[in-house]
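As structure tokens, the structure follows; a few thoughts come after it.
Each chain gets a letter, A, B and so on, in the order the sequences are listed, and its residues count up from 1. Computed from heavy atoms alone, side chains included, the values below leave out hydrogens, waters and symmetry copies.
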Amino acid sequence: MNLVWIKNDLRFEDNPALYAAVNDKNPFVILYFENESMPLKTRKNKMGAASWFLYQQLIDFQNECQKWGVPFVYIRELTPKKLTEIITQLKIEKVFYNESICPTYISVQKQIDSLLGKQKVQTFAKVGPNLIEWENHRTQTGQVFQVFTPFWKALWKNRHLVSVPLQDARKVSHRQKITSDDLNIGDSISESDFYDSVPAGQPWYSHMAETQTVGERAALKRLKKFIQNGLSHYKTARDIPSVEGTSRISMDLARGSLSLRTAWHSVLDSVELNSKGEIKDSNHEQFLKELCWREFATYVLYHFPDSCEKSLKLNYEKLDWENSPKKFKAWTRGQTGYPIIDAGMRQLWTTGWMHNRVRMIVGSFLVKDLNIEWQKGAAWFLDTLLDADLANNSLGWQWVAGCGVDAAPYFRVFNPILQGEKFDPDGSYVRHWVPELKHLNKEFIHKPWEAPDNVLKAAKIELGKNYPLPLVDHSTAREEILSLFKSLKK
DNA sequence: TGAAATGTTGGGGCG
DNA sequence: ACGCCCCAACATTTC
């Protein structure tokens, strides 16, 4: 018998390990396990919302396996002893898995490889979820890319190397001689393995449970819907948080219910080139670039595994951040007094997702206005985002803090009022997520403290009572952070 | 995938 | 008619 180790790749389409298993003569079981080394379980990277998503994925995947007639084994806490038992009991000959480059997974993979090696079990690490192979993806001088644009250009030039997604493994005919009933191993998937159940009242995930679809079928549906309806005006619509202008597949890609290659090829299929060989439709190009940003993020984390903890510009680590717990709490709760920030943070808490434009604004605000180190914001995002992804998250936060590869320069400070007025001009995003400000007109919706008393009164707003006064003054905070950075240059 | 400060220009009011 | 000033509007520099 063979075994397929599934981890962050709970899908049937474009799953190289599963595909290899169905094409092997032996029957196989699919194993999913957790233990203290797995990313979702490490205390360092608490991923609460993502764990909720994962639980739903597992239930869905288990059902699909049952329909398919392939045994799916879930192990709550995999120990070396337990693994040995499984290997012996099922007479496992070969193990297939998709290779992950996430630092935490790498360590688990090494453990598994060495354990299985001792058992004389052959392991087959299949190509991971990336678009291209990275060791040889280098600049002309042989360096690791540290700037996005040349990375993108080189990838685009080599796009013929991006393999076509493998078909749904269930469509490959194979003879399975066992079913789950024949096995007497594994645990039942329990909610409490993934998140704390809430005894009474509204649980934190209630909005997600009502509105968020999860699983491979849902992922493919989201992608298809975006390609049909959203792609043709992606380039401009993607920047307006009140508009459903983005694909929303980030969580499917991050959690592995959709492969990046599937998303890539679904766009590439309709791409046309002009006479110069450029992509005709800039919407197509923009979306492919965004997918490429994900590739870039994983590539950077692969080459700089420390970058999820430490600033790549090492002198940032010497900065003396204020790190005020009070300010941090106000930020997480969406109580900073800056409407666009509060709207974003509340959208994040409620839905497990935040519009990308707003992620940049709240990130800049945390680091540069509240004077809090990026790692604190990164940890909060990992814990609250359904699409929490170590590579993307680290890249994004280092970018906004100005200490990563291809980062925004330190002096680039987003103005939360101007950003609000530019990207949420009528204030409808703010009004949706900050209902206290529902009746405020668009002139003051991004700066309620400047509204005259009669306007505030008419809008039923009492600043400091039912909506906070600004936690900090932006222009003062800007001056302060710039002088802090200046001290660094000396 | 910025914003603020500073510099330049040109039209119009006005003595 | 002319020079002067003011100040948008735009451009450039700086953080």
Worksheet entry | Ring-face cation of K376(A) near W380(A) (centre distance under 6.0 Å, axis angle within 45°) | no
Fill in: Distance, rounded to the nearest Å, where Q286(A) contributes CD and dT1(B) contributes C1'
9 Å
Fill in: Note: K442(A)-E421(A) ion pair, threshold 4.0 Å (strictly below)
no
Worksheet item: Is the cationic atom of R248(A) (NZ for Lys, CZ for Arg) positioned less than 6.0 Å from the six-membered ring centroid of W353(A) and within 45 degrees of its normal?
Response: yes
Worksheet item: Which of these nucleotides, dA3(B), dT1(B), dC15(C), is closest to any side-chain atom of Q419(A)?
Response: dA3(B)
Practice prompt. State which of dT1(B), dC15(C), dA3(B) makes the closest approach to the side chain of L418(A).
Written response: dA3(B)
Item to complete: Using atom CZ of F411(A) as one end and atom P of dT1(B) as the other, report the distance to the nearest whole Å.
Response: 14 Å
Fill in: Nucleotide nearest R357(A) (side chain, heavy atoms from C-beta), chosen from dC15(C), dT1(B), dG2(B)
dT1(B)
Practice prompt. Starting at atom CG of D473(A), determine the distance to atom C1' of dA3(B), rounded to an integer number of angstrom.
Written response: 15 Å
Practice prompt. Return no unless some side-chain N or O of N415(A) is found under 4.0 Å from OP1 or OP2 of dA4(B).
Written response: yes
Fill in: Whole angstrom value for the distance that separates P of dA3(B) from NE2 of H474(A)
8 Å
Discussion item. Can you measure I361(A) atom CD1 to dG2(B) atom C1' for me and round it to whole angstrom units?
Written reply: 11 Å
Worksheet item: If you look at every heavy atom in S257(A) and F53(A), which pair is closest and at what distance?
Response: OG-CE2, 4.4 Å
Worksheet item: I481(A) has an atom CD1; how far is it from atom P of dA3(B), in whole Å?
Response: 17 Å
Discussion item. Rounding to an integer number of Å, can you tell me how far E421(A) CD sits from dA4(B) P?
Written reply: 11 Å
Fill in: Whole-Å gap separating C1' (dA3(B)) and CE (M360(A))
15 Å
